[in-house]
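The block underneath contains the structure these notes are about, expressed in structure tokens.
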Amino acid sequence: MRIDIVTIFPELFAPFRETSLLGEACRRGRVELEAHDLREYTTDRHRTVDDEPYGGGPGMVMKPEPLVAAIEALAGEKGEGRRARVLLMDPQGARFDQRKAETLAAQPHLVLVCGRYEGVDQRVIDLAVDEEISIGDYVLAGGESAALVVVEAVTRLLPGVVGNPESPVTESFQPTRSFRGGLLEGPQYTRPARFRDLEVPEVLRSGHHAEIERWRHEQAFARTEQRRPDLLKGRTGDTKP
Ligand code: JFH
């Protein structure tokens, strides 16, 4: 998969390209990740990327010419024959979730557009963006950290990235729900068995696999009910443990 990022801060992406799972995927050629400096697509002496909002108001808006030039150079023109799916990071966008990550992981080429200031001129969206996405209901200073979230969630699903089979992304190994069985995970433990007077639950050390499975489901259900009751809405067949 190829991912191009349009940003005024391309240097923010460097350590993520080199570190951990994503770094390994880049080195092994499973992911081609490149951050492009929006200012390279300006044509004026001052390399201007923003301007005052029409109609007044606080802050600045990203002007359309450099953004559309960058997107078209990287993704092709919108419509037939476009080479990539273009996503704008945007607090007004549709919520990004695990299902969306799975859909995007099936694409060969993504272009992620990061705004700054108060956002981008609407004509960028009208002319050159396929989809606006939000990682959550809070206001960031710009789209870069949101783009990193999308890159991380998508690339960890790719075949051949550490831990995944070589076969393409399919429902068979990627559940559509966000979490195992659609519930939050219960607590996890590793050694030592006793730490500062806190013991690992006996059942986990018992070796009784069926009992362990049942205990884990009870824990997962109780935690989900308490913290994320929204995940239980519309479920059938769950029994309160
Ligand atoms: C981004 C920013 C909008 C104006 C509340 C009322 C008025 C500041 C580009 C994504 C998520 C983002 C995100 C993505 C791209 C940009 C900052 C936007 C306003 C705010 C002010 C600029 C923010 N999930 N959160 N934030 N900004 N709004």
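Remember, it's 1-based here, ligands and their atoms both numbered in the order they're listed. Nothing fancy with the numbering, it's 1 onward along the sequence.
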If we number the atoms of ligand 1 from 1 as shown, the ones under 4.0 Å from a heavy atom of R116 are 9 (C), 22 (C)

Atom CD of residue position E24 - does it have more than 12 heavy atoms of other residues, nucleotides or ligands inside 6.0 Å?
yes

Say whether L140, considering both its backbone and side-chain N or O atoms, lies within less than 3.5 Å of an N or O atom on ligand 1.
yes

Sub-4.0 Å protein heavy atom next to atom 22 (C) of ligand 1
yes

Using a 4.0 Å cut-off to any heavy atom of G143, which atoms of ligand 1 qualify?
14 (C), 15 (C), 16 (C)

Counting from 1, what ligand 1 atoms have a heavy atom of D90 closer than 4.0 Å?
10 (C), 14 (C)

Going by the atom numbers of ligand 1, which of them fall below 4.0 Å from some non-hydrogen atom of I135?
24 (N)

For ligand 1, the portion of C114 having any non-hydrogen atom under 4.0 Å away:
neither

In this structure, are over 12 heavy atoms from other groups packed under 6.0 Å from E52 atom CD?
no

Working to the nearest 0.5 angstrom, can you tell me the gap between R39 CZ and R47 CZ?
7.0 Å

Among G115, G93, S134, closest by any non-hydrogen atom to atom 9 (C) of ligand 1
G115

Would R82 and E77 pass as an ion pair if we require N to O under 4.0 Å?
no

Could you check atom 15 (C) of ligand 1 against the protein and tell me its nearest heavy-atom contact, residue, atom and distance included?
M89 O, 3.3 Å

Spacing of CG belonging to L204 relative to CD belonging to E211, to within rounding of 0.5 Å:
11.0 Å

Smallest separation among heavy atoms of V68 and A128, with atom names:
CG2-CB, 4.4 Å

Which residue holds the protein heavy atom closest to atom 5 (C) of ligand 1, what is that atom called, and what is the gap in Å?
V139 CG2, 4.0 Å

Looking at atom 2 (C) of ligand 1, what's its closest protein heavy atom, distance included?
Y117 O, 3.5 Å

Hey, any chance L127 and V86 share a hydrophobic cluster, counting ILVMFWY side chains that come within less than 4.5 Å of each other, even indirectly?
no

How far is atom 13 (C) of ligand 1 from the closest protein heavy atom, and which atom is that?
P91 CD, 3.3 Å

Which residue and heavy atom of the protein sit nearest atom 25 (N) of ligand 1, plus the separation:
Y138 O, 2.6 Å

Can you tell me the protein heavy atom closest to atom 1 (C) of ligand 1 and the distance?
G142 CA, 3.7 Å

Can you tell me the protein heavy atom closest to atom 3 (C) of ligand 1 and the distance?
E118 O, 3.7 Å

CZ of F13 to CG of L148, rounded to nearest 0.5 Å, is 4.5 Å

Look at R116 together with D50 and state whether they make a salt bridge at an N to O cut-off of under 4.0 Å.
no

I'd like to know if M60 and V113 are part of one continuous hydrophobic network [Ile/Leu/Val/Met/Phe/Trp/Tyr, side-chain heavy atoms within less than 4.5 Å].
yes

